[in-house]
Amino acid sequence: MTLGKQQRIFTKDIADLILWAYEQGYELTIGDGYRDPRVHGNWGEKESYSHRYSLHKRRLALDLNLFINGTYQTTSDAHAPLGEHWEQMRKGNSWGGRFGDGNHYSSEYQGYK
């Protein structure tokens, strides 16, 4: 599958996750999305806080800020229902709560999550 096709699938999956979250009574705002190489380095380069192989650089990761009853949630545990749903939506979808980044939702690319 091409990177472009995977990005389009990822975008639709994110939309479906957001709609599902709202159906469950959660509220969200968009966090970190695309990481511009002028700031964060190209794929494979380490610049700023970004990992050298961050899927944000490939437009295959998005951080979602979670609110429950109007209160911003800062723990991975709060994201668990969304993260587990995300992983079940499609093979290759990864939730950052598995590696200490609970608001991170990504699609595996070249072995990176």
Side-chain angles (χ1 to χ4, degrees):
M1 175 182 327
T2 67
L3 175 59
K5 177 67 174 171
Q6 188 171 348
Q7 290 167 334
R8 292 186 294 276
I9 291 169
F10 172 76
T11 301
K12 183 186 180 306
D13 283 353
I14 284 291
D16 290 344
L17 175 66
I18 290 169
L19 291 172
W20 180 86
Y22 274 86
E23 289 168 0
Q24 307 310 305
Y26 300 109
E27 293 181 305
L28 302 165
T29 62
I30 301 296
D32 203 3
Y34 177 60
R35 293 191 180 157
D36 191 315
R38 294 171 294 182
V39 176
H40 300 286
N42 291 312
W43 182 253
E45 296 176 349
K46 172 72 173 143
E47 299 289 334
S48 72
Y49 61 86
S50 187
H51 187 277
R52 68 182 64 247
Y53 294 108
S54 170
L55 291 172
H56 291 274
K57 294 179 180 184
R58 288 290 188 235
R59 300 178 197 266
L60 292 173
L62 181 67
D63 296 339
L64 293 172
N65 302 314
L66 175 62
F67 294 81
I68 298 175
N69 297 321
T71 302
Y72 176 59
Q73 304 297 303
T74 60
T75 68
S76 290
D77 287 344
H79 280 265
L82 280 75
E84 291 168 3
H85 183 75
W86 174 251
E87 291 175 332
Q88 293 172 2
M89 287 173 61
R90 183 178 309 279
K91 182 177 174 25
N93 281 358
S94 297
W95 170 51
R98 305 283 183 215
F99 47 88
D101 191 6
N103 71 336
H104 175 90
Y105 299 83
S106 62
S107 178
E108 186 175 345
Y109 178 74
Q110 295 181 340
Y112 293 96
K113 298 177 182 185

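Both backbone and side-chain heavy atoms feed into the values below; hydrogens, waters and symmetry mates do not.
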Q. What class does the angle between the rings of His51 and Tyr112 fall in, given that below 30° is parallel, 30 to 60° is tilted and above 60° is perpendicular?
A. tilted

Q: Applying side chain to side chain contact (heavy atoms under 4.5 Å, CB included), name anything that partners Asn69, two or more places apart in sequence or on another chain.
A: none

Q: Indicate the atoms forming the closest heavy-atom contact of Leu28 with Ala21, along with that distance.
A: CD1-CB, 3.7 Å

Q.
When you group the ILVMFWY residues by side-chain heavy-atom contacts below 4.5 Å and let the links chain together, are Phe10 and Ile30 in the same group?
A. yes

Q) For the residue pair Tyr72 and Phe67, does the interplanar ring angle fall in the parallel (under 30°), tilted (30 to 60°) or perpendicular (over 60°) class? A) tilted

**Q.** Pair listing, salt bridge (Lys or Arg N to Asp or Glu O under 4.0 Å) test, anchored in residues 39-50, at least two apart
**A.** none

Q. Which atom pair, heavy atoms only, marks the closest approach of Leu82 to Trp20?
A. CA-CZ3, 4.0 Å

Q. Of all residues at least two apart in sequence or in a different chain, which pass the side chain to side chain donor-acceptor pair (under 3.5 Å) check with His104?
A. His56, Asp63, Ser106

**Q.** Derivation of the side-chain contact (heavy atoms from CB on, under 4.5 Å) call for Gln7 and Tyr109
**A.** CA-CA 10 Å; Gln7 290 167 334; Tyr109 178 74; over 6 Å; no

Q: Provide the full list of salt bridge (Lys or Arg N to Asp or Glu O under 4.0 Å) pairs with a residue in residues 68-91, sequence neighbours left out, each pair given once.
A: Asp13-Arg90, Glu87-Arg98

(Q) Check for me, please, whether Phe99 and Leu55 land in the same ILVMFWY cluster - side-chain distances under 4.5 Å, paths through other members count. (A) no

Q: Take Trp95 and Lys113 through the test side-chain contact (heavy atoms from CB on, under 4.5 Å) and record every step on the way to the result.
A: CA-CA 8 Å; Trp95 170 51; Lys113 298 177 182 185; over 6 Å; no

Q) Where is the tightest heavy-atom contact between Ser107 and Gln6, given as atom of each residue plus distance? A) OG-NE2, 3.0 Å

Q | salt bridge (Lys or Arg N to Asp or Glu O under 4.0 Å) pairs, two or more places apart, involving residues 49-62 | A | none

Q: Please examine the side chains of Tyr105 and Met89, heavy atoms only from C-beta on, and report whether any two atoms are closer than 4.5 Å.
A: no

Q) Taking it one step at a time, do Tyr26 and Leu64 satisfy side-chain contact (heavy atoms from CB on, under 4.5 Å)? A) CA-CA 11 Å; Tyr26 300 109; Leu64 293 172; over 6 Å; no

Q) Under a 4.5 Å side-chain heavy-atom rule over Ile, Leu, Val, Met, Phe, Trp and Tyr, are Tyr53 and Leu3 clustered together? A) yes

(Q) Under the rule for side chain to side chain contact (heavy atoms under 4.5 Å, CB included), what residues qualify as partners of Thr71, not counting sequence neighbours? (A) Gln73

(Q) Within this structure, what is the OG1-CG distance for the pair Thr74 and Asn65, rounded to the nearest 0.5 Å? (A) 11.0 Å

Q) Do Tyr22 and Ile14 belong together in a cluster built from hydrophobic side chains that touch within less than 4.5 Å? A) yes

(Q) Closer than 3.5 angstrom, by distance alone: can the side chain of Ser76 be matched with the main-chain N or O of Gly97 as a donor-acceptor pair? (A) no

Q) To the nearest 0.5 Å, how far apart are CG in Leu62 and CD1 in Ile18? A) 6.5 Å

